[in-house]
There are 2 protein chains.
Amino acid sequence: MVNKEEKQLDIPEGEFLAAREDVVKKVLEQQPADEILYDLAELFKVFGDSTRIKILYSLFETELCVYDIARLLNLSQSSVSHQLRILKTSKLVKFRREGKSVFYSLDDEHVREIISMGMEHVEE
Amino acid sequence: MVNKEEKQLDIPEGEFLAAREDVVKKVLEQQPADEILYDLAELFKVFGDSTRIKILYSLFETELCVYDIARLLNLSQSSVSHQLRILKTSKLVKFRREGKSVFYSLDDEHVREIISMGMEHVEE
DNA sequence: TATACATATGTTCATCTGTTCATATGTATA
DNA sequence: TATACATATGAACAGATGAACATATGTATA
């Protein structure tokens, strides 16, 4: 598609350049709005931390309270709480209070799907 | 440190605790190895930057050379090259040299799928 | 080989992020 | 209400990260 052989001077360089220009323009048009791409990056950023990944994975099959997550993953209560806050803000987990405990669970089927997709890539 | 709640003696706290213990154990067993979860986080970390997301998105439909990516996204050549290196290392893009130019393209169908999944979440 | 072009890489620096510690808030029960 | 437990939050600090600049490497052609 982008032809480099069109280099020798006897070939119309102008057209070649125009062709690349077209490709660039077309790609630019298909690109989603900056704001959306920014949000998308922000979303992946949330998945991009092993502590948060572990927490999310822990919630794959069952809801868990903060204390149990901390115990399970050998993390401090504070650390877990901070990370859950981030996951909550990103709408990846939801929670319900039961007595003194707060139980967290996955908020969205996408979470499972996104992680599974990533897994496939990693496991190769 | 672990059993904070075995306090009221008249209720069969032991069974309750054992039940939670079981859940925690089961979750822990289902959890993939730390190393894999770490790699998974690393993978998502790569997606977690808007520059890299833009680059990947640009490559959705066509291969592009470094210079065109830079021009397209209004980035410095250096910046693009650095980011492409990261994408290359993560096996998200591949490249081929053609004369003085290097053309990059998506290396993996997973890339498209992962980004699309993320998009669905973001676009809600 | 000398030159120009395209890309890659090393370094520096400002900023961002995750953890820890201390403390506050919320909840249940004596 | 006083106490203990469970969770949340604020502040500070160390380590990570991305951008920019300068420079090196790779390639084609005169």
Side-chain angles (χ1 to χ4, degrees), chain A residues 2-11 13 16-17 20 38 41-42 44-56 63-90 93-104, chain B residues 1-11 13 16-17 20 38 41-42 44-55 63-90 93-104:
Chain A
V2 184
N3 303 316
K4 275 292 180 155
E5 311 102 62
E6 279 183 296
K7 277 277 276 333
Q8 299 117 342
L9 300 172
D10 45 341
I11 288 175
E13 189 79 2
F16 166 63
L17 268 179
R20 286 183 58 184
Y38 182 80
E42 287 302 303
F44 285 124
K45 206 172 285 180
V46 177
F47 286 96
D49 175 78
S50 58
T51 298
R52 287 191 291 269
I53 284 282
K54 285 179 187 178
I55 292 175
L56 290 173
E63 64 175 7
L64 288 170
C65 69
V66 178
Y67 182 72
D68 280 346
I69 295 174
R71 198 157 53 112
L72 177 69
L73 302 176
N74 199 30
L75 297 166
S76 73
Q77 176 270 317
S78 176
S79 183
V80 171
S81 198
H82 275 296
Q83 300 301 354
L84 283 170
R85 189 188 188 208
I86 293 173
L87 294 171
K88 214 175 356 179
T89 304
S90 309
V93 301
K94 63 188 182 221
F95 64 98
R96 69 180 179 84
R97 194 174 254 287
E98 186 176 307
K100 284 177 286 187
S101 297
V102 177
F103 285 85
Y104 283 83
Chain B
M1 146 192 308
V2 174
N3 306 331
K4 291 275 190 161
E5 58 262 17
E6 243 170 338
K7 283 271 287 320
Q8 320 155 222
L9 304 170
D10 45 347
I11 288 176
E13 193 76 359
F16 168 62
L17 262 181
R20 286 182 60 185
Y38 182 82
E42 287 302 303
F44 285 123
K45 204 172 286 179
V46 176
F47 286 97
D49 175 78
S50 59
T51 298
R52 287 191 292 268
I53 283 282
K54 285 179 185 176
I55 292 175
E63 63 175 8
L64 288 170
C65 70
V66 177
Y67 180 72
D68 281 347
I69 295 174
R71 200 157 50 112
L72 177 67
L73 301 177
N74 200 31
L75 297 166
S76 73
Q77 177 269 318
S78 175
S79 184
V80 172
S81 198
H82 274 293
Q83 300 301 355
L84 282 171
R85 190 190 187 208
I86 293 173
L87 294 172
K88 213 176 355 179
T89 304
S90 310
V93 301
K94 62 187 182 219
F95 63 98
R96 67 180 181 85
R97 194 172 253 288
E98 187 175 305
K100 283 178 286 188
S101 298
V102 177
F103 286 84
Y104 283 83

How close do A:K45 and A:E42 get, counting heavy atoms only, and between which atoms?
NZ-OE2, 3.0 Å
Report the distance from atom OH of A:Y38 to atom OG1 of B:T51, rounding to the nearest 0.5 Å.
11.0 Å
Which stems does DNA chain D form, counting runs of 3 or more consecutive Watson-Crick or G-U wobble pairs with both distances under 3.5 Å?
C:1-30 with D:1-30
Do A:L56 and A:V93 have side-chain heavy atoms sitting under 4.5 Å apart?
yes
Contact check, residues 95-104 of chain A vs DNA chain C, heavy-atom distance under 4.0 Å, returns A:R97, A:G99, A:K100
Would you confirm whether A:R71, through its side chain, and A:L73, through its main-chain N or O, come within 3.5 Å as a donor-acceptor pair?
no
Mind calculating the distance between NZ (B:K88) and P (C:dT7) to the nearest angstrom?
12 Å
For residues 78-90 of chain B, run the donor-acceptor check on the side chains, cut-off 3.5 Å, and write out each pair with its distance to 0.1 Å, sequence neighbours left out.
{"unit_1": "B:Q83", "atom_1": "OE1", "unit_2": "B:R52", "atom_2": "NH1", "d": "2.8"}
{"unit_1": "B:K88", "atom_1": "NZ", "unit_2": "B:Y104", "atom_2": "OH", "d": "3.4"}
{"unit_1": "B:T89", "atom_1": "OG1", "unit_2": "B:R85", "atom_2": "O", "d": "2.8"}
{"unit_1": "B:S90", "atom_1": "OG", "unit_2": "B:I86", "atom_2": "O", "d": "3.0"}

Which of the following nucleotides, D:dT9, C:dA8, D:dT7, is nearest to the side chain of A:Q77?
D:dT7
Let me know the distance between CD1 of A:I55 and C1' of D:dT7, rounded to the nearest Å.
13 Å
Rounded to whole angstrom units, what separation is found between the CD1 atom of B:I69 and the P atom of D:dA19?
14 Å
Residue set satisfying side chain to side chain contact (heavy atoms under 4.5 Å, CB included) with A:F103, at least two apart, ordered chain then number -> A:E63, A:C65, A:R96, A:E98, A:S101
Can you tell me how far P of C:dT7 sits from CG of B:L64, to the nearest Å?
11 Å
Any chance you could list the contact pattern along nucleotides 14-20 of chain C? Use B for base contacts, S for sugar-phosphate-only contacts and - for none, protein heavy atoms under 4.0 Å, 5' to 3'.
---SSSB
Heavy atoms only: give me the nearest B:D68-B:L64 pair and the separation to one decimal.
CB-CD2, 4.4 Å
Please state how far atom CZ in A:R71 lies from atom C1' in D:dC5, giving the value in whole angstrom units.
15 Å
Parallel, tilted or perpendicular: which describes the rings of A:F47 and B:F44, with under 30° parallel and over 60° perpendicular?
tilted
Among residues at least two apart in sequence or on other chains, which ones pass side-chain hydrogen bond (donor to acceptor under 3.5 Å, both in side chains) with A:Q77?
none
Please state whether the phosphate of D:dA8, meaning OP1 or OP2, lies under 4.0 angstrom from any side-chain nitrogen or oxygen of A:R85.
no
